[in-house]
Amino acid sequence: MEEIHWADVIAEDLLKKSKKHRIATGITPSGHIHLGNLREMLTADAVRRAVIDKGGEAELIYIADTFDPLRKRYPFLPEEYEKYVGMPLSEIPDPEGCHKNYADHFLEPFLESLEILGIPVKVEKADEMYKEGRYEEAIRTALKRRDDIARIIEEVTGRKLEEDWYPFMPLCEECGRINSAKVTGFDDKWIYYRCSCGHEGKASYRGGGKLTWRVDWAARWKILGITCEPFGKDHAAAGGSYDTGKRLAREIFGIEPPYPIPYEWINLKGVGAMSSSKGIVIPVREFLDVLPPEIVRYIIIRVKPKKHIDFDPANLLELVDEFEEGIKKKDRAVELSLVGDVEYSDIPFRHLVVVGQIAKWDLSKVFEILERTGYKIDEKARRDVERRIKYAKNWLEKFAPKRLKFEIAESVDPSTFSEDEKRFLRTFAERLSDDMKPEDIHNLVYQVANELGLKPAKGFQAIYKAILGKNYGPRAGYFIKMLGIEWVKNRFMQISCE
RNA sequence: GGGCUCGUAGCUCAGCCAGGUAGAGCGACGGGCUUUUAACCCGUCGGUCGCGGGUUCAAAUCCCGUCGAGCCCGCCA
């Protein structure tokens, strides 16, 4: 039986309702946006592609909650940022001074990442939406129907709202905070408030504050015409924000709530759930230097949204193997992960990691070795290797387990070699000559070992020990050729003549 | 207390939604390749599908219950 990818299942569902879809995503740019956040984007994008593949229309909207207050001074912020707590992210200066404001600082690299990942989004910044008055009607509705909204929230969550609760958070013009003022009344023109800083004032319907989270969410569905939205499991819990949003959408705003796609967290192996506030984070942008976009997409798209992902950067090779296997089999998850018209050659990433190290990341040497190891280097392969070798290098440096790395030892101590090993190295070195091919060199190991009555394995070990200080290493023939016959001879003689 | 997910081979998991003879990869074991970084090829071993009930001609799959693990329910996805 053929297995249907989860994105296709959802797309089918969506298309039963309508041909056209707007899928919403939303991440608060309060800190580095990380791999966990990315799940929302990729879940949405996989569905978008699936809908289009089935002949529908779909687009992605990314709502940046730039008007949300800074909740606390996160560990990565300087002490003086204490004073900005409670102010909207869009109104706080960039902690590193390189962008227009705090929100943009984290937003921009993220948007750059989305582009690399091939995720086309229409970006909406919440602060701008409020300031432009796009929320105006919703705010009026919400204030007028305060009692109905309160009742719904109380019914769904089982918690009691305060008498003076309003679904609106005024932005205090005195202290600049958006989470400290209480609405005291409203008329057609203004919303009146009293702030905990002591200030009393009036707020505009355009940018003078924002709706509280649960109401805001339902309101934006209406304003933007959202038909589908992935969201974290926290919102999906019974009595959570989706449950209230659903009723608010129908009963207050008169729309059908979007098709929900709850998804699970991504755990960093051995560390825990990724969370910007806890500082457990690999910023997405950084990730994309280490892995090609299609692999990053695959990490997430291969798994059903409701299953949690344990992500272990050190184990990536297996995943890449699986991906490369999937290309051949035209696996759907792989198909949904490929970006643009990238073409893969048949050279495994795993192999590039080894070859790159031998070639010391010199491209022409890389090709030389690849050809020697039997790969045909045509245009396609050339482009592919040029692209992926960079990732191999970065991955190796950042995430790879130590055993995959090797380095030429500066020097080795001859006294750590046995007589047999020395004898082997000396004989081997004497027989080495410049005109030998890698294959000849490889064969020489067997010849010499046999002549000396040693097991070939012993010979190989001696060679690696002499070059790397470890008893294993890359294929001996081309490795030695690569290093230069003279150099190897010298090293071996030096050890064996001590 | 509520919600979600998971429990299938030694390990990682697929299969469950649309019931029809238990699958893959890795590992282990055996063999091959003039061992090479977690290379390749062939083969073998390996599972009471957490447990108990129910529905059915037929259940890993659907229903009820139960045990165990993880996560989420304070406006962080």
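In the text below, chain A, chain B and the rest are named by the order of the sequence lines, each starting its count at 1. When reading the values below, keep in mind they use all heavy atoms of this one structure, side chains included, and skip hydrogens, waters and symmetry mates.
Classification of the A:Y298-A:F323 ring pair by plane angle, with boundaries at 30° and 60°, yields perpendicular. Ring-plane geometry between A:F460 and A:Y464 is classed as parallel, the angle between the planes falling under 30 degrees on a 0 to 90 degree scale with a further cut at 60. A perpendicular orientation is assigned to the rings of A:Y242 and A:W217, their planes being inclined by more than 60° (bins at 30° and 60°).
A:S113 and A:R285 are not linked by any side-chain donor-acceptor pair at a separation below 3.5 angstrom, with hydrogens and angles left out of the test. Side chains of A:D384 and A:Y344: a donor-acceptor N/O pair is absent below 3.5 angstrom, by distance only. Side-chain contact annotation: A:Y102 with A:E91, donor-acceptor N/O pair under 3.5 Å absent. Side-chain N/O atoms of A:H34 and A:N37 include a donor and acceptor closer than 3.5 Å.
Regarding A:D243, its CG atom lies at a distance of 10 Å from the P atom of B:C4, rounded to whole Å. When rounded to the nearest whole Å, the span between NZ of A:K306 and P of B:G70 equals 21 Å. Rounded to whole angstrom, the span from the CZ atom of A:R302 across to the P atom of B:U12 amounts to 14 Å. Rounded to whole angstrom, the span from the CG atom of A:D310 across to the P atom of B:C13 amounts to 7 Å. In this structure, the CD1 atom of A:I309 is 15 Å from the C1' atom of B:U12, given to the nearest Å. Here the P atom of nucleotide B:C76 and the CZ atom of A:R39 are 18 Å apart, to the nearest Å. For A:D8 and B:A18, the CG to C1' distance is 16 Å, given to the nearest whole Å. Separating the OH atom of A:Y263 from the C1' atom of B:C6 is a distance of 20 Å, rounded to the nearest angstrom.
Proximity of a side-chain donor or acceptor of A:R73 to a complementary backbone N or O of A:L77 within less than 3.5 Å is detected.
For the contact set between residues 157-171 of chain A and RNA chain B, defined by any heavy atom under 4.0 Å, the members are A:R159, A:M169.
A cation-pi arrangement is present between A:K465 and A:F417, with the terminal nitrogen or guanidinium carbon under 6.0 Å from the aromatic centre and inside a 45° cone about the axis.
With distances taken from any side-chain atom of A:E318 to the nucleotides B:C76, B:A14, B:A38, the minimum falls on B:A38. In this structure, the nucleotide among B:U5, B:G3, B:A38 sitting nearest to the side chain of A:K233 is B:G3. In the set B:C76, B:C71, B:C72, B:C71 carries the atom at the smallest distance from any side-chain atom of A:E264. Here B:U36 is the nucleotide among B:C71, B:U36, B:A38 with the atom lying nearest to any side-chain atom of A:Y464.
Shown here are the ring pair (Phe, Tyr, Trp, His ring centres under 6.0 Å) partners of A:Y84, two or more places apart in sequence or in another chain: A:Y81. With sequence neighbours excluded, no residue satisfies side-chain hydrogen bond (donor to acceptor under 3.5 Å, both in side chains) with A:T25.
Of the P atoms belonging to B:G53 and B:C40, the separation is 45 Å, rounded to the nearest Å. Taking atom C1' on both nucleotides, B:U36 is separated from B:C13 by 29 Å, rounded to a whole Å. Comparing B:A39 with B:C63, their C1' atoms sit 50 Å apart, to the nearest whole Å. On the P atoms, B:U21 is 30 Å away from B:G27, given to the nearest whole Å. Going from the P atom of B:C4 to that of B:G43 covers 45 Å, rounded to whole Å. B:G54 and B:C72 have their C1' atoms separated by 32 Å, given to the nearest Å. Of the C1' atoms belonging to B:U8 and B:G68, the separation is 16 Å, rounded to the nearest Å. Nucleotides B:C49 and B:A14 have their C1' atoms positioned 13 Å apart, rounded to a whole Å.
Both A:G239 and A:V9 sit near RNA chain B, but only A:V9 has its closest nucleotide nearer the 5' end. Place A:D234 and A:N179 on RNA chain B by their nearest nucleotides, and A:D234 ends up nearer the 5' end.
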>> Wobble G-U and Watson-Crick pairs count when both distances are under 3.5 Å; given that, what is the 5' to 3' dot-bracket string of RNA chain B, with | for pairing to other strands?
In response: ((((((((.[[[[.)....(..]]]].(((((.......))))).....[[[[[..)....]]]]])))))))....
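Using a 4.0 Å cut-off, some side-chain N or O of A:K304 falls inside it from OP1 or OP2 of B:G15.
Classification of A:K125 and A:D65 as a salt-bridged pair fails, no side-chain N sitting under 4.0 Å from a carboxylate O.
Looking at heavy-atom distances under 4.0 Å, A:A238 makes contact with sugar-phosphate atoms alone, never a base.
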Distances under 3.5 Å between protein N/O atoms and the N/O atoms of nucleotides 32-35 of chain B, please, pair by pair.
residue: B:U34; atom: O3'; partner: A:Y446; partner atom: OH; Å: 2.9
residue: B:U34; atom: O2'; partner: A:Y446; partner atom: OH; Å: 3.0
residue: B:U35; atom: O5'; partner: A:Y446; partner atom: OH; Å: 3.1
residue: B:U35; atom: O4; partner: A:A457; partner atom: O; Å: 2.9

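Annotation: salt bridge (Lys or Arg N to Asp or Glu O under 4.0 Å) contacts involving residues 22-39 of chain A, sequence neighbours excluded, comprise A:R22-A:E59.
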